[in-house]
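Read the structure below first, then the notes.
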Amino acid sequence: MSLTSFNGAIELGLIFALMALGVYITYRILDFPDLTVDGSFTTGAAISVIMIGHGYPALIATLAGMAGGMIAGVCTGLLHTKGKINGLLAGILMMIALYSINLRIMDKPNVPVKVDEGLLGGFIRSDLLTAGGVSWIYAVVLSVVVAIIWLLLVAFFKTDMGLSLRATGDNKRMIRSFGGNTDRTTIIGVSLSNGLVALSGALIAQDAGFADNSMGIGMIVIGLASVIIGEAIFGSRGVLGTTLAVIVGAVVYRVVIAAALNAEWLNLETSDLKLITAVIVIIALVVPTVSRSIKQKRQARLRTAELARSGKGGL
């Protein structure tokens, strides 16, 4: 894999890390199977690109895209908590609705935007901090942005609301017995999750130079892959460690994808991206389970052997 491909994989991984953090909130903390992600990712991209095209500052457009994702999350949360609709079905319904809403926002399936007009567009083609003809300044700036958002998210989880959110995911019935409003915390959690997803979508669109109505398809799988890979490498070590692992998992995922696509002996094409993602997720899910099973069997054999030896010694 060339240095340019490696650099590009890191940049994409850092942007997708924001989406992975959003998926982590629903998938791990709330235990909420939210498929709104596939729609809210495009919502963030659509709103930001349209607003930039109409002359709004990139920062305002990006924040508006994030707000659009948060609104979508609120709708999903309301369908689940107040409408008493199954969480999975609520996410699917919102995802379907967002497909048409996003098309309305863009007024056509694909809308271009000048890369230089994006929030971080000035850093993309910077000639500073180059190594081997490849600019690393964009990756450094993205790292700073992701680090700031990560620290803000960790700080939020240490507040009363953040602790309530985590407790709701752990034991919703217990929180209700203490008088806590689990509906409110669920809505806030799903909203925050989709806000981060939409923010990632907005940055991806600005990085790529366009927003497409189908760009969000399969994003939930990519987010889950990042979470699973991060936890498989670093394990679960509290919110601070796990969220950092999710970020690293997103970067590792993109690097693996880039390496697979650039490996000539595999003869893969960009159309095989979804297949590669599915294989990576399967491996990340199966390997830890198999290794735990092998470890448990080995420990059981050791205990049996020790009991056998102690029995003979007693005789």
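Residue numbers start at 1 and run along the sequence shown. This structure is a prediction, so every number in the text was calculated from the model and none was measured.
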Just checking, any donor-acceptor pair under 3.5 angstrom between side chains of Asp34 and Thr26? no

No-hydrogen, no-angle side-chain donor-acceptor test under 3.5 Å, Asn110 and Asn213: no

Measure the [atom1]-[atom2] distance between [X] and [Y] for me, rounded to the nearest 0.5 Å.
X: Phe157; Y: Ser164; atom1: CZ; atom2: OG; value: 12.0 Å
X: Leu153; Y: Ile25; atom1: CG; atom2: CD1; value: 5.0 Å
X: Met94; Y: Leu35; atom1: CE; atom2: CG; value: 13.0 Å
X: Ile228; Y: Tyr253; atom1: CD1; atom2: OH; value: 11.5 Å
X: Tyr99; Y: Leu103; atom1: OH; atom2: CG; value: 6.5 Å

Assign the ring pair Phe41 / Phe16 to parallel, tilted or perpendicular, where the plane angle (0 to 90°) is split at 30° and 60°. parallel

By the ring pair (Phe, Tyr, Trp, His ring centres under 6.0 Å) test, which pairs, at least two apart or in different chains, include something from residues 206-250? none

Using atom types as modelled and distance alone, determine if a side-chain donor or acceptor of [X] lies under 3.5 Å from a backbone N or O of [Y].
X: His54; Y: Ile50; answer: yes
X: Asp183; Y: Lys82; answer: no
X: Thr242; Y: Val239; answer: no
X: Asn171; Y: Met174; answer: yes
X: His80; Y: Ile85; answer: yes
X: Ser193; Y: Gly189; answer: no
X: Ser226; Y: Ala20; answer: no
X: Thr185; Y: Thr168; answer: no
X: Asp38; Y: Gly218; answer: yes

With side-chain hydrogen bond (donor to acceptor under 3.5 Å, both in side chains) as the criterion, how do Asn102 and Thr43 come out once you've worked through the C-alpha distance, each side chain's angles and the decisive distance to 0.1 Å? CA-CA 6 Å; Asn102 295 334; Thr43 301; 2.7 Å; yes

For Thr76 and Thr36, run side-chain hydrogen bond (donor to acceptor under 3.5 Å, both in side chains): C-alpha distance rounded to whole Å, both residues' side-chain angles, the deciding distance at 0.1 Å, then the answer. CA-CA 7 Å; Thr76 301; Thr36 313; 2.8 Å; yes

Arg254 bridged to Glu11 by N-O distance under 4.0 Å: no

Applying side chain to side chain contact (heavy atoms under 4.5 Å, CB included), can you list everything that pairs with Ile15, at least two apart in sequence or on another chain? Tyr138, Leu142, Ser200, Leu203, Ile204, Asp207

